[in-house]
Amino acid sequence: MQLPPHWEKLATTYFLHHNVVALAQDLLGKIIVTNINEQLTAARIVETEAYQGITDKACHAYGNRRTKRTEIMYAAGGVAYVYLCYGIHYLFNVVTNHANHPEAVLIRAAEPIIGEAIMQARCQHKGLPTQGPGKLSKALGITQALNGFSLQSNTIFIASDGYTYPANSIKSSPRIGVAYAKEDALLPYRFFVCNNKYVSGKQ
DNA sequence: CCAATGATTGCCT
DNA sequence: GGCAATCATTGGC
């Protein structure tokens, strides 16, 4: 696989950062790359959410809950956490922090860079292929089979081309669809690039 | 064992 | 704006 020369795969150490909220914000502008069934696709991340470990009621690992599903969140950062939501959609998360600190960043939306036609086709050419976490996974070819995959693999990883969004174009808000988390539902852990058409929901 | 429920989307009115 | 689709995971019995 040949990437553009100035793209650099993010190293494992990047994902070991202890502040998942800061990491969620920093991931805006980075590029998610998948190479599935010989189909290369890449998209620049424009919307993320932080899930802050065992004290965050919205996090699957709240209360140190360890189940077959959540187990991968307890691994050291730099692996994929993929799970099925509403019985229909695969949601892609990046596990962060050191082992036994179960934190993750949900990647909610991205702007296509490479393989836009592949993404459109995977989404049956309906609407923007990478707007919203379910469609994004579908467009990138992400399924449960990728759960636990290392982001150092060549199948799925995150790269930087040095681009960053200006600080004044980044906004935060409460996370989407977590009303059940009561007071933690109000935490401003969603980050997005404003005026970007791929961002889901309200801006 | 079984019923309830979601980190959503798309189609319908 | 409302709601059905659709199923793995979860927790209670």
Side-chain angles (χ1 to χ4, degrees), chain A residues 15 19-25 27-28 32 43 45-75 77 79-97 101-112 119-149 151 156 158 171-193 196-203:
Chain A
F15 301 103
N19 186 339
V20 68
V21 177
L23 210 51
Q25 188 165 354
L27 280 168
L28 296 176
I32 176 165
I45 297 167
V46 297
E47 184 181 357
T48 61
E49 284 179 5
Y51 286 86
Q52 193 176 216
I54 63 174
T55 59
D56 176 2
K57 287 191 173 71
C59 181
H60 289 162
Y62 173 67
N64 216 35
R65 201 160 48 134
R66 287 184 95 120
T67 65
K68 200 168 173 187
R69 180 177 69 157
T70 64
E71 189 61 30
I72 195 64
M73 293 187 75
Y74 291 81
V79 298
Y81 170 37
V82 181
Y83 89 102
L84 185 66
C85 184
Y86 294 111
I88 302 176
H89 306 287
Y90 292 107
L91 269 56
F92 170 67
N93 303 249
V94 177
V95 176
T96 70
N97 212 328
H101 293 263
E103 302 178 352
V105 176
L106 170 67
I107 309 299
R108 290 187 57 88
E111 185 169 335
M119 300 191 221
Q120 284 285 359
R122 281 172 174 158
C123 293
Q124 285 96 43
H125 301 90
K126 287 175 191 164
L128 296 175
T130 55
Q131 179 186 50
K135 277 198 291 183
L136 176 68
S137 297
K138 193 170 185 185
L140 293 172
I142 293 170
T143 66
Q144 192 125 37
L146 289 189
N147 189 43
F149 255 63
L151 298 180
I156 181 167
I158 296 178
K171 299 222 164 122
S172 65
S173 78
R175 294 168 291 186
I176 308 289
V178 297
Y180 64 90
K182 308 213 169 155
E183 69 271 20
D184 286 347
L186 301 174
L187 295 169
Y189 285 178
R190 170 175 176 249
F191 299 97
F192 58 92
V193 176
N196 184 290
K197 66 176 177 178
Y198 291 94
V199 171
S200 64
K202 282 193 284 194
Q203 303 211 5

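Residue numbers start from 1 in every chain, and the chains themselves are labelled A, B, ... in the order their sequence lines are given, proteins ahead of strands.
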* Determine, for nucleotides 4-13 of chain B in 5'-to-3' order, which nucleotides have protein heavy atoms under 4.0 Å from the base (write B), from only the sugar-phosphate (write S), or from neither (write -). => --BBBSSS--
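Taking CD1 from A:I54 and CD from A:E103, the interatomic distance works out to 9.0 Å, rounded to the nearest 0.5 Å. A distance of 11.5 Å separates OG in A:S172 from CD in A:E49, rounded to the nearest 0.5 Å. Note that CG of A:L186 is 10.0 Å distant from CZ of A:R175, once rounded to the nearest 0.5 Å. Taken to the nearest 0.5 Å, the CG atom of A:N93 stands 7.5 Å off from the CD1 atom of A:I107.
C:dA4 and B:dA4 are spaced 16 Å apart, taking the P atom of each and rounding to whole Å.
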Collect all protein-nucleotide pairs involving nucleotides 11-13 of chain C in which both atoms are nitrogen or oxygen and the distance is under 3.5 Å.
from   : atom 1 : to    : atom 2 : distance (Å)
C:dG11 : OP1    : A:R65 : NH1    : 2.9

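With A:F92 as the fixed residue, the side chain to side chain contact (heavy atoms under 4.5 Å, CB included) test singles out one of A:T143, A:I156, A:L146: A:I156.
Two residues are said to be in side-chain contact when any heavy atoms from C-beta on lie closer than 4.5 Å; A:F149 and A:I72 fail this criterion. Counting heavy atoms from C-beta on, the side chains of A:V199 and A:R190 come closer than 4.5 Å.
For the pair A:T130 (side chain) and A:A110 (backbone), a donor-acceptor distance under 3.5 Å is present. Counting only distance, with no hydrogens or angles, the side chain of A:K135 and the backbone of A:C123 share no donor-acceptor pair below 3.5 Å.
When all heavy atoms of A:Q144 and A:Y83 are compared, the pair lying nearest together is NE2-CA, 4.1 Å.
Paired regions of DNA chain C, where each region holds three or more successive Watson-Crick or G-U pairs whose two hydrogen-bonding distances fall under 3.5 Å, are B:1-6 with C:7-12, B:8-12 with C:1-5.
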